[in-house]
Amino acid sequence: MRNPLFTVRRTFAHLVRYRHIMGVLMKYGFEEVAGIFARRLKIGFGSRGLPTSRMQNLAQTSLAARVRLACQELGPTFIKLGQLLSTRPDLVSDEYIVELERLQDQVAPEKYQAIRLAVKQQLGAFPEEIFERFDTVPIAAASIAQVHRARTKEGDEVVVKIRRPGIVKTLRTEMEILADIAGVVKTRLSAPETFNPVRMVQEFSDAVTREVDLANERRNQQRFIQNFAADPTVHVPRVYEEYSSEGVLTMEYIDGIKPSRIEQLHAAGLDPKMIAARGADFVLRQVFEHGFFHTDPHPGNFLVIGGNVLAPLDFGQVGRLTKQDRMLLQYLVLAIVDGDVSRIVHGLERAEMLDEETDLTELTRDFEEILDAYSHLPLKDIPFGEAIRRMFDVIRRHRIEPPRDFTLMLKCLMTIESFATDLDSEFQIIEHLKPYARRFSMQQISPEAIFRQARSAARSAGELASRLPEDAAAIISKFRRGKFKIHVYHDHLEELEQTLDNSSNRISFAVIIAALLIASSMLVPQTGDILGIIRFQTLGILGYLTAMVMGLWLLISIMRHRRF
């Protein structure tokens with residue numbers, strides 16, 4: 001459990017930032033969250049201290065748009081949080097995803113002198129000492145890092161990605177604030193069970209921690225280089241390890257064209273339709289063959305070079321799929337292709353995503369309604385992205401929690417479908433998905449796969465049998481000594497403990513007040529004094545006054561927190 005003293009110190013240390021956040025929340029109509037959090041801090045900067053004079057007319061603005069505007073105004077950390085949410089259709093509806101996808105992570109570039117010192121700190125020398133040429137003006141700037149073009153002393157053209165100075169400390173502070181806000185939202189606002197802001201912020205914190213570590217991105221990029229080394233349609237930029245660290249990443253410079261610039265593609269003699277197909281195959285190979293995928297394959301993360309070759313960029317965020325995740329995707333794709341709802345429900349059951357409270361009849365009916373809408377269409381006309389979005393609506397409605405990376409993978413497929421259809425209006429990702437899903441399905445029932453599964457099962461059974469006598473003896477021994485324990489976990493036990501603690505404190509306070517009143521009532525009628533210092537009547541009156549002050553304090557505390 002978090003140390004209360006540390007929380008108070010941290011709260012005061014971040015007071016200015018808290019005040020700004022509360023002001024922005026109030027500005028965009030989230031008074032309830034702002035008010036609850038201000039009261040939780042127990043610091044007097046309530047709504048009177050917020051910029052209410054700048055309140056906008058929110059009647060014509062949707063709730064989703066206000067969330068996006070608030071994230072935009074709160075700065076880079078909240079922008080990244082919004083971008084993360086835009087990849088989670090299992091948590092937020094399509095309306096929010098559309099708005100949050102509009103968030104742009106664009107900030108002013110860091111001054112060159114600060115970048116120069118950052119390179120010195122990371123690589124042991126200033127950039128002009130390491131490189132033959134180092135451009136002082138960045139070619140791109142974001143909240144975590146910025147990119148400069150350079151040339152190595154061997155004559156290779158490279159780009160150098162440099163982490164912003166102080167960004168790790170800034171993000172740590174912002175994560176603490178987000179964790180506090182998430183805790184308040186979880187405990188004080190009613191929300192669906194699948195909406196867990198504390199878990200969401202933890203996932204976000206983990207994702208940003210990985211992204212800010214450029215050594216992690218370098219390892220991801222090297223794995224992509226290995227996975228696609230034999231694929232002539234994909235070129236992953238080379239990494240220069242000798243010029244890289246946890247805060248600097250140097251890679252090959254790619255002179256290419258953005259896929260979104262279709263006129264330039266045509267002018268360069270490139271084929272947008274072929275690029276669309278290769279983009280889809282690039283993602284599907286990651287999903288079905290490697291189980292290791294780029295989570296955000298939007299056009300801004302690719303360049304196209306001669307021969308219609310794709311050059312993917314930015315490997316800070318990747319996902320990893322288990323065999324079970326890929327099997328679930330296979331069930332999903334084949335269910336859409338074959339119109340077989342039982343595949344989806346069976347896949348969800350095998351992945352242990354359904355609990356005792358799930359209404360299987362209602363769930364099956366909802367999925368059947370979706371598939372019926374496309375049953376009359378030929379395969380090439382089935383809108384895969386739309387079908388997946390509707391399925392996510394069902395998943396949220398039935399409070400199903402799919403694995404995070406599985407959700408990111410589906411979002412990834414929806415993104416690459418959009419990427420491809422912008423290049424080729426006749427592109428249908430379902431036609432590309434089907435052979436991958438069929439091939440993966442056949443691999444699971446191949447003689448080699450069956451033999452591996454049987455050998456693994458036999459090994460597990462043997463290990464279980466060999467340990468059984470020892471485990472049984474250990475359990476019996478604990479029973480005999482009375483040391484057998486059963487651990488029970490309650491999801492909201494910490495909140496219950498806090499509530500009981502607050503209640504016991506108030507009850508103790510009330511008992512003390514009652515004792516003071518009784519003792520004072522017994523002292524006031526008495527005559528005489530104590531050691532000639534103070535009279536009994538005076539001591540009784542002081543007791544009444546103390547009880548009155550403590551009673552008023554208790555009453556104000558109860559009314560302030562609106563808990564009677």
Side-chain angles (χ1 to χ4, degrees), residues 17 75-77 79-80 83 104-175 205-226 235-258 294 296 300-303 305 311-318:
R17 182 59 170 155
T77 302
I79 289 174
K80 283 202 167 292
Q83 291 172 335
Q104 299 296 315
D105 185 16
Q106 295 176 341
V107 295
E110 196 77 42
K111 292 182 179 179
Y112 176 66
Q113 186 59 30
I115 291 297
R116 184 171 177 267
L117 292 173
V119 172
K120 172 72 162 60
Q121 183 182 23
Q122 290 290 327
L123 301 182
F126 292 113
E128 64 269 18
E129 299 170 345
I130 298 173
F131 299 96
E132 180 182 304
R133 190 198 77 246
F134 188 92
D135 293 353
T136 59
V137 178
I139 59 176
S143 58
I144 288 178
Q146 62 187 52
V147 180
H148 292 252
R149 190 171 173 181
R151 181 187 296 124
T152 68
K153 291 184 177 180
E154 294 78 19
D156 296 342
E157 292 293 326
V158 296
V159 291
V160 186
K161 186 174 184 179
I162 304 145
R163 189 168 64 194
R164 284 179 177 265
I167 189 63
V168 174
K169 182 178 179 181
T170 299
L171 286 173
R172 187 179 298 117
T173 299
E174 296 278 77
M175 290 303 104
S205 179
D206 293 342
V208 172
T209 300
R210 289 191 296 268
E211 187 172 355
V212 82
D213 181 6
L214 299 187
N216 177 66
E217 181 173 349
R218 182 176 77 249
R219 289 188 292 271
N220 293 339
Q221 189 164 340
Q222 288 169 329
R223 183 166 175 181
F224 270 91
I225 291 172
Q226 180 181 356
H235 177 77
V236 182
R238 171 191 170 190
V239 173
Y240 290 77
E241 291 197 44
E242 63 272 29
Y243 301 112
S244 300
S245 69
E246 68 171 21
V248 174
L249 174 59
T250 302
M251 71 183 78
E252 172 188 0
Y253 172 74
I254 302 294
D255 186 11
I257 302 171
K258 291 288 185 184
H294 194 301
D296 195 14
N301 281 335
F302 288 95
L303 289 172
I305 57 180
L313 309 171
D314 193 353
F315 300 89
Q317 292 296 334
V318 297

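Residue indices begin at 1 and follow the sequence shown.
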Mind running side chain to side chain contact (heavy atoms under 4.5 Å, CB included) on R219 and D213 for me, showing each step along the way? CA-CA 10 Å; R219 289 188 292 271; D213 181 6; 3.9 Å; yes

R149 and Y253: CA distance, side-chain angles, deciding distance, side chain to side chain contact (heavy atoms under 4.5 Å, CB included) verdict: CA-CA 8 Å; R149 190 171 173 181; Y253 172 74; 3.4 Å; yes

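Applying the side-chain hydrogen bond (donor to acceptor under 3.5 Å, both in side chains) rule to H294 yields no partners; only residues at least two apart in sequence or on another chain are considered. Under the side chain to side chain contact (heavy atoms under 4.5 Å, CB included) criterion, T77 pairs with L171, E174, M175, L178, F204, not counting sequence neighbours. Applying the salt bridge (charged side-chain N to carboxylate O under 4.0 Å, His left out) rule to D296 yields no partners; only residues at least two apart in sequence or on another chain are considered. Applying the side-chain hydrogen bond (donor to acceptor under 3.5 Å, both in side chains) test to D314 and every residue at least two apart in sequence or in another chain returns nothing. Listed by chain and residue number, P138, A141, Q146 satisfy the side chain to side chain contact (heavy atoms under 4.5 Å, CB included) test with P109 (two or more places apart in sequence, or in another chain). Taking R151 as the reference, E132, E157 meet the salt bridge (charged side-chain N to carboxylate O under 4.0 Å, His left out) condition, with sequence neighbours excluded. With sequence neighbours left out, E246 forms a salt bridge (charged side-chain N to carboxylate O under 4.0 Å, His left out) with R163. With sequence neighbours left out, the side chain to side chain contact (heavy atoms under 4.5 Å, CB included) criterion links R210 to D206, A207, N216, Q317, R404. Under the rule for a side-chain hydrogen bond (donor to acceptor under 3.5 Å, both in side chains), the partners of D156 that lie at least two apart in sequence or sit in another chain are Y240. Annotation: salt bridge (charged side-chain N to carboxylate O under 4.0 Å, His left out) contacts of E129 (sequence neighbours excluded): none. Residues forming a side-chain hydrogen bond (donor to acceptor under 3.5 Å, both in side chains) with Y243 (at least two apart in sequence, or on another chain): E154.
In this structure a side-chain-to-backbone donor-acceptor pair under 3.5 Å is present from E252 to R238. Of the possible polar contacts, none joining the K161 side chain to the V248 backbone as a donor-acceptor pair under 3.5 Å is found.
The two residues I167 and S143 have their closest heavy-atom pair at CD1-O, 3.4 Å. Between I130 and A125 the shortest heavy-atom distance is CD1-O, 3.3 Å. Heavy-atom minimum distance, L249 versus L214: N-CD1, 3.9 Å. What you find for H148 and D135 is that their closest heavy atoms are ND1-O, 2.8 Å. The minimum heavy-atom distance between N220 and G316, with the atom names listed, is ND2-O, 4.1 Å. Minimum interatomic distance between T250 and S244 (heavy atoms only, all atoms of both residues): N-OG, 3.1 Å.
Here R133 does not pair with E128 in a salt bridge; the nearest charged N to carboxylate O distance is not below 4.0 Å.
Of the listed residues (V147, V236, V159), just one forms a side-chain contact (heavy atoms from CB on, under 4.5 Å) with M251, and that residue is V159. For the side-chain contact (heavy atoms from CB on, under 4.5 Å) criterion with I115, the lone passing option out of K120, R164, E110 is E110.
Here the side chains of L117 and F126 are in contact, with some heavy-atom distance below 4.5 Å. Annotation: side chain of I257 is not in contact with side chain of L303 (no heavy-atom distance under 4.5 Å).
Atom NZ of K111 is surrounded by 12 or fewer heavy atoms from other residues, nucleotides or ligands within 6.0 Å.
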